[in-house]
Structures are given as C-alpha cells and as structure tokens.
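In what follows, every chain begins at residue 1, and chains take the letters A, B, ... in the order their sequences are listed.
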Number of protein chains: 4
Amino acid sequence: MKTRDRIIHSALALFNEQGEPNVTTNHIAADLGISPGNLYYHFRNKEEIIHSIFDQYALDLTVGFQPEAPAESDQQRLLAYLDATFQLMWRYRFFYANLPDILRRDAVLQNKYLTAQQSLKTNLFAMLGQFRETGWLDMEDEALASLCSTLKLVASSWIFYQSAQAPQAKITPAVIYQGVLQILNMVSPMTTDKGRAVVGEIIEHYRQQMASASA
Amino acid sequence: MKTRDRIIHSALALFNEQGEPNVTTNHIAADLGISPGNLYYHFRNKEEIIHSIFDQYALDLTVGFQPEAPAESDQQRLLAYLDATFQLMWRYRFFYANLPDILRRDAVLQNKYLTAQQSLKTNLFAMLGQFRETGWLDMEDEALASLCSTLKLVASSWIFYQSAQAPQAKITPAVIYQGVLQILNMVSPMTTDKGRAVVGEIIEHYRQQMASASA
Amino acid sequence: MKTRDRIIHSALALFNEQGEPNVTTNHIAADLGISPGNLYYHFRNKEEIIHSIFDQYALDLTVGFQPEAPAESDQQRLLAYLDATFQLMWRYRFFYANLPDILRRDAVLQNKYLTAQQSLKTNLFAMLGQFRETGWLDMEDEALASLCSTLKLVASSWIFYQSAQAPQAKITPAVIYQGVLQILNMVSPMTTDKGRAVVGEIIEHYRQQMASASA
Amino acid sequence: MKTRDRIIHSALALFNEQGEPNVTTNHIAADLGISPGNLYYHFRNKEEIIHSIFDQYALDLTVGFQPEAPAESDQQRLLAYLDATFQLMWRYRFFYANLPDILRRDAVLQNKYLTAQQSLKTNLFAMLGQFRETGWLDMEDEALASLCSTLKLVASSWIFYQSAQAPQAKITPAVIYQGVLQILNMVSPMTTDKGRAVVGEIIEHYRQQMASASA
DNA sequence: CATGAATGAGAGTTCATTCAT
DNA sequence: AATGAATGAACTCTCATTCAT
C-alpha cells in the first residue's frame, strides 16, 4: 500500500475510534511511523485527508449500490442493499458523528456530501419502487416519498443517535444491526401480506446476526 | 440579568451559531465585554458552562411537558407538545449538532442526558397512549412502542440531520417546522379516520407556520 | 480573636500544610469563611501576611529565649532551650521549607530575617558559654565558635532537609524530636565526663518523646 | 549543541539565577531565541525539563564519585571528593534552594532523589572508613555513622542555608568554599594528630581558594 | 468592617503547518 | 519521498489584587 493510502487508512481508523477533533495530524503520522513532514508531503492539510476519506466513501457508495446489480431474487437484493448501507456507515462512522462541524468549515465538502445524499435518495427510491412493483408494498406515490425520506433520515442519523446513547460513543457492529432492524420495523407496517413474509424473514436474519455479534 | 446568567445566555447563543468546539471561553467573555477572569469566577471551566446549559435544557424539558397540563382539547394538547418539543430543540440546537463529542468527554453529562432521554420517552409514550384511547390511533402495543422509538429517534436527530444538509449548518425556524411535519407524516398512516382528520388539520397548521417563517 | 489575627493564624496553618506557593489568598479567605476583599482590607497584599507571620515568629523568638529566665538547674534550662527552638521551627515550618524564594523577593524581610538569625546566634553562643563555665564542655574559643555555627546551621536547616527526605514534605513532631537528638549527638563528643552524663539523660528524654510522638 | 541540550542548559542557568518557580517555559524559550512550541517539541512539559536536569545531576554524581578512582594520595582523593561535592552543588544550586516544593509535586522525582541521597551516603561512609583505616580518624562505629549523617546534612543544606543569608539568594563560589571549610571544621576535632596535619593543610588550601574567589 | 464581582496579565500547553535538509 | 526540528497563534485556566456597594 502506498503511503498516501496508508495515511487515509490510518486516519479513518483513528477518527472512528476517537472522533475526528481528537485526532491530530501528529497522531496519524505517529500511528504510521512516518514523520509529520511526510504526511504533509502527501496532503496539503488535515482537511484534504478528510476529503480523501470522503471521496472513498462516495466511491464505495456508487460501487455498492448498483441497482442493476444482478441478484438471485428481490429478497437477496434487499439484503445486499441493507448490508451495504450499514457497512458503509460502520466503516465511516466518525463522519456521521461529527457531520455538522466537519461540513460547516468546508463548503466544498458540503457540496460533495449533498451530491452523495442525492444519489442515496435516488437509489433508495428506486429500490422501494421496485418493491411496490413486486407487490410487497402497497402505497401511493406521496406516502412512498415520505417513507423514503424518513428511511434516509433514520439511516443517516442512526450512528449519531446511538453515539449519544452509548457511553464513550462506542459503536459496535451490534449497534449497526440494530439500525437495520429499526429500518425494517418502519417498513413492515406498509407491506402487503406477501411482503410481510419476506420482511419477517429478513428481520429474523438480522436478529441472528446481531445476537452473534453481541456474543 | 446576573452575570452568571448572561454568560450562559451568551455561550448558548454562540454555541448555536458557531458550534461549541469553535467557541472559546475568551470569545464568550469578549462577547459580553467581561474579562476572562470574571468568566472563570462564575464557572470553574468551560465544561461547567455546558453543564449549566444542559441543566437549563433539562428543566425546560420537565416544565414544558407536563402531561397533566390542562388543554382545550386533545388536539390543542398535541399542538402544544409538538411546539414544545421542537422549540426546545431550536433553543439548544448546538447540543444536538455535537452530541457525540460533547458526551464522550464527560461521563456525568452522559448520564444526565440519558436520564433526560428516558423521561422524554416516557411522556412521548404516554401521549401516544392517550391518542389511542381517544380513538385516533389504531395500533397494537408492540407497534405503538416501535412507533414511539422511531419518533424519538427522528426528533432527536432532526437538527443533526438538517445541519448536515444546510450550508454552514445554519438552522432556521423553518427547518424546525419541517421537522414537525416529518413527524406528523410518520404518524399519519397509523391513524383512524377520525385521527386522520385531526392530523390533517395540524399538518396544515404547520405548513402555514413554515411558510410564514420562510418568508 | 480579631479577623486580622484569624487571617494570620489560618494562613500559617495552610502554609505549613501545603507550602506557601500553593496557598492563594482566596484559599485563606475561603478557609476563614470571609471574602477576599475583607482579607485585603486587613492586609495590603499576600507579602504583608507573610511579614506579620514573621513578626510573630521573631517575637516568639525573643520571648522564648530569655537567657536570664530562671530555671531549676542548668539542665532544665538546656531542655527548655531545645524545646523552645524546635517548637518554634515546628510552628513556622513552612518558612524553613521555602526560605530562599520567600526572602529573594522581599529585601525587607531578608533584613528582618538576618537580624533574627543574629540574635539566635548570640543567645546560642551565650548558652554554650555557660555550659563551658559549668564544666560540661571543654573547648577552646575557636572550637566553640565553630560548634556554635554548625549547630545553628543544623537547626536552621533541619526542616528543609527533612522535607526533602519525606514523601509529600510531610513533617511530623517526631521529625522535630529527631532534630533535637541530632543536635545533641553533635554536642556529645565535646562534653566532659560530667557533661556527658547530663547530655545522655537529655538524649534519653527526647528518645522517649519521639517514641510517644510516633506511636 | 543540540536544541534539547541547550534547553536543559538554559533552564538550569535561569533556575539557578532566579529560582525555578520564577522561570516560565516562555522565559526559557525566549532566552534561547526559540519558539515555545519548539520547547514543547523537545519536552512534554516543564516538569520533564526538571527531570532531565536531575538525571544529569544524578549522572554527575555517579561519575564524579568513583571511590576506586586512582589518586596520588589519600589526601588528593579527599580533595577531589570535596571539590566534586561542592561543585555539584554549585552547578545545581537551584535544586537545593527549592527542594521541598519541587519534590512535593512529583513523587517520581522524590524517589530518584532519595536514591541519589542513598548513594551519596554510601560513598561518604566509605570515604570516612578509609580515613579511619589510614589512621586519620579515631572513632568508634557509632560515632562515625553519626558524623557521617551530620556531614551529609550539612553538605545537603549548605546552599539552602546560605541562600537565606545572602541578599537575593545570590550564591557565589566563595560561599561554596566556605561550605567545604565548614565541613572540614566539623571533621577536624575527630582527627588523630596525623589526620589533623592533613586536614589543616586542606583547610589552608581552601582558605586560599576562597580568598582568590572573593577577590 | 465586610462583601463578592471584576480585572488582566500571564501561566503552561497544543497543534496545524512549514521548511531546510 | 521523507525527515524532524521549528513556528506561532490560540487555548484553557489562575491568581494577586481592586473597587463599587
């Protein structure tokens, strides 16, 4: 791995563990065993590291959410989607815990973020539309849009919300799974009978994941 | 107003405007035209100011949410509750935008926060139960509990979520009203016919509030 | 007791416990339950408190060391002298632990101190001279002067020296008695047979004092 | 000289001149013409500088007091020992003037200090034992131990004691030589005829040193 | 006599960033 | 590419002292 990538990697790990404001550029350099000067050879400043992390996040987002990705079944596709969503959040969790302050000081990042949010919204909407066509959901357009925005809100805020509930802001995989379940519980009341069966299975699947993660 | 209160007041305003990490004790003192020494005469340190702000918040929370508060009608009571919730958030919005980092470094505050969350959950649950009895909601116990926790999550995260969407993390009253509407949209699908009419009226009410706030 | 005296009293106690540089004027006021303004009504500044303490010390010095004080015997007189010396040190022990810095910043106090030292030397010399006449010591003038200055050095430095050896600079009465014994051990080799018996008895006396103080 | 060493050097000089509590880290940095940040690049905090100075002192102590150091004669060895002792004190005199307060706040340093004191005691005792064997001293074991502890006390306290006597706590080399003479005067009465001659010569030597230092 | 709020200089320390090598 | 010493502005906090009441 190139030094530049190692810096991104280490910074991400430290940000996730300790929160971005508590990690100095010297910490990152020390963690890698390189000099601060070297770090600044690869990045103009701390903000640029955050930008790079965000770019990676945005890339993961587009790569992981190809709606035309082939799948064995619609159920499989939903599972893959949920997994992707929350794994992304897990990997970049520091970001969600400090969003307002990070974006406030960086208008460019703010725009990047909004673009990412837009694409997230688009493919979430597409996914839900597909489920309606499959006959799992029975909702009118407006209600679907409303559900969509609520889901996005909950997903985007889950880490933040849970950080505040957990002592020392320690987020574990189990917390992530709990977020998926929360989402599914919100969708469940809108489902048709056929859909309810599918969602029920998926809920059961994540309950087990969560149990094994907690153990 | 006493200096101690002026400090709390000024700190809250600055925190809300610029984010807590970006406001130094010297900024607060300068804002009030007092010496840094004087600020430290009234507060041992910056953390104690945050504590005092939080205590005020917790007080507002208990004062503003008396379930036995007399009201003309259940509808009036719901309106009052929603107003109180989101006005509280508006007043202490900095807090929601920086929760994870603020709580991480202060275990005592973390506990205070969790206590406040608990009481919030309790009275939210009581409120929803009342509506079910009135015949506005038609839900089973489990579904009600799930709705309750979702609503709490959305309410608690609204400011955080919107801070990230808004340039410079500028939160306006219109954003707050939008949050109320979001909540109502989530409750609406669960209502009875009778309930739907009531919620519809309230939604209309907040649409107008929002329109006049934006103008 | 008048406020002024209470201040002196409290300041002395705190200085002894925590070291003069670690005791602020606010600590003293708080200890007495008076306002800092009141403290400054009675004393122009912190230095003046130290001066007053020193004046009290100087007074105790002259009062407690009257060579013409009547005594049952020479032995009694020696005992009284040793007791007085080390009790004085115990009472004003903070002073000995911080002398260089206290005197450096205050030329007036420096002069007062030198005067006190001079009188201490004078009456110590008188005491030793008396013992020589009594036939307890057998020394020539020069040796007597040398012994005298050594004794003064040891007595003056005892607290300082022991502070450095003891964890947290905690000085106890036992440490004081140990100092008396140190002094007596230095005098002992110079004594005549008659003198040795007397000194031996006194040593035994202080050994018991020390044992009971330690218990 | 490396910056780190220059900092130690400058700090030591300033501490000696003005007393450790009166010298700030900014003073040291300014004295060297470096930034405060640079100082903190080399030392985590002020205490660490003091530790480093002490470590150097402890090193000088072990290096300068090799008992097996070859010497032309016992007399030469004694001279070398006395010189080393008091030169060490001169070089680190700030330390002796502020011991109680410096050690009180730093338990680690306290332990280091006690260790150093122990080794000092050991080699002083060895030196005196040697002189007894050479036939310069005629003392029993207990008396020798007592003399030893008195000498250590006097040596350790000399700077402190003299700081209080001298205006502005200004210690000069002449004061140091006077300390050596004080020590010798204390040993002198215990010597045999042979020893007395030797000590007499050494006393004469230091009287001349002192005279030339004063001039 | 007494209060207690207020002052302000300055303490120790941090950290993103630079730059000569 | 990389080092690591160096910068300097800014931060939190302290404390002897003042002053209106």
Side-chain angles (χ1 to χ4, degrees), chain A residues 2-4 6-7 20-30 32-50 105, chain B residues 2-7 21-30 32-49, chain C residues 2-4 6-7 20-30 32-50 105, chain D residues 2-4 6-7 21-30 32-50:
Chain A
K2 299 268 185 191
T3 299
R4 200 190 139 86
R6 289 174 61 223
I7 292 171
E20 179 271 329
N22 307 312
V23 175
T24 73
T25 50
N26 277 348
H27 285 155
I28 301 168
L32 288 170
I34 67 171
S35 65
N38 195 9
L39 186 148
Y40 275 83
Y41 174 79
H42 290 284
F43 294 91
R44 213 178 347 210
N45 52 38
K46 195 184 177 184
E47 210 62 33
E48 206 177 281
I49 300 177
I50 295 174
R105 67 192 184 219
Chain B
K2 301 266 188 195
T3 299
R4 200 192 138 85
D5 294 326
R6 290 174 61 223
I7 291 170
N22 307 312
V23 176
T24 74
T25 50
N26 277 353
H27 287 156
I28 301 169
L32 288 169
I34 67 173
S35 65
N38 195 8
L39 185 147
Y40 278 87
Y41 174 77
H42 291 284
F43 293 92
R44 226 197 318 261
N45 50 41
K46 192 184 175 185
E47 209 64 31
E48 206 178 280
I49 300 177
Chain C
K2 301 267 188 191
T3 299
R4 199 190 140 86
R6 290 175 61 223
I7 292 170
E20 179 271 329
N22 307 312
V23 175
T24 73
T25 50
N26 277 349
H27 285 156
I28 301 168
L32 288 169
I34 67 172
S35 65
N38 195 8
L39 186 147
Y40 275 85
Y41 174 80
H42 291 283
F43 293 92
R44 212 179 347 210
N45 51 38
K46 194 182 177 185
E47 210 61 35
E48 205 178 281
I49 301 176
I50 296 173
R105 67 192 184 217
Chain D
K2 301 267 187 193
T3 300
R4 200 192 139 87
R6 289 175 61 222
I7 292 170
N22 308 312
V23 176
T24 75
T25 51
N26 277 352
H27 287 157
I28 301 169
L32 288 169
I34 67 174
S35 65
N38 195 9
L39 185 147
Y40 278 85
Y41 174 77
H42 291 283
F43 294 91
R44 225 195 319 258
N45 50 40
K46 192 183 178 186
E47 210 63 32
E48 205 178 281
I49 300 177
I50 295 174

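Map Tyr41(D) and Gly33(C) each onto its nearest nucleotide of DNA chain E; the residue landing nearer the 5' end is Gly33(C). Mapping Pro36(B) and Pro36(D) onto DNA chain F by nearest heavy atom places Pro36(D) closer to the 5' end of the strand. Between Pro21(D) and His42(B), the one whose closest nucleotide on DNA chain E sits nearer the 5' end is His42(B). Heavy-atom nearest nucleotides on DNA chain F were determined for Leu39(A) and for Arg4(D), and the one closer to the 5' end corresponds to Leu39(A).
With rounding to whole Å, Lys46(B) atom NZ is found 15 Å from dT14(F) atom P. Between the OH atom of Tyr40(A) and the P atom of dT7(F) there is a distance of 17 Å, given to the nearest Å.
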- Once Watson-Crick and G-U wobble pairs under 3.5 Å are found, how is DNA chain E written in dot-bracket notation, 5' to 3', with | for any base paired to another strand? .||||||||||||||||||||
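Residues meeting the side chain to side chain contact (heavy atoms under 4.5 Å, CB included) test with Ser35(B), sequence neighbours left out: Asn38(B). Arg4(B) pairs by the salt bridge (Lys or Arg N to Asp or Glu O under 4.0 Å) definition with nothing, not counting sequence neighbours. Listed by chain and residue number, Glu48(A) satisfy the salt bridge (Lys or Arg N to Asp or Glu O under 4.0 Å) test with Arg44(A) (two or more places apart in sequence, or in another chain). Every residue meeting the side chain to side chain contact (heavy atoms under 4.5 Å, CB included) condition with Arg105(C), not counting sequence neighbours, appears here in chain and number order: Glu20(C), Glu47(C), Ile50(C), Ile102(C).
In summary, contact between chain B and DNA chain E, defined as any nucleotide atom under 4.0 Å from a heavy atom of the protein, begins and ends at dG4(E) to dG8(E) in the 5' to 3' direction.
The shortest non-hydrogen separation linking Asn45(B) to Tyr40(B) is CA-CE2, 3.7 Å. The shortest heavy-atom contact between Val23(B) and Lys46(B) is O-NZ, 2.9 Å.
Side-chain N/O atoms of Asn38(D) include one lying less than 4.0 angstrom from OP1 or OP2 on dT7(F).
Between His27(D) atom NE2 and Asn22(D) atom CG the span is 9.0 Å, to the nearest 0.5 Å. Atom-to-atom distance recorded for Thr3(B):OG1 and Tyr41(B):OH is 10.0 Å, nearest 0.5 angstrom.
With a 4.5 Å cut-off on side-chain heavy atoms, Ile34(D) and Ile7(D) count as touching. The closest side-chain heavy-atom distance from Leu32(D) to Leu39(D) is not below 4.5 Å.
Listed in residue order, the members of residues 23-30 of chain B having a heavy atom less than 4.0 Å from DNA chain E come to none.
Separation of the C1' atoms belonging to dC1(E) and dT21(F) is 13 Å when rounded to the nearest angstrom.
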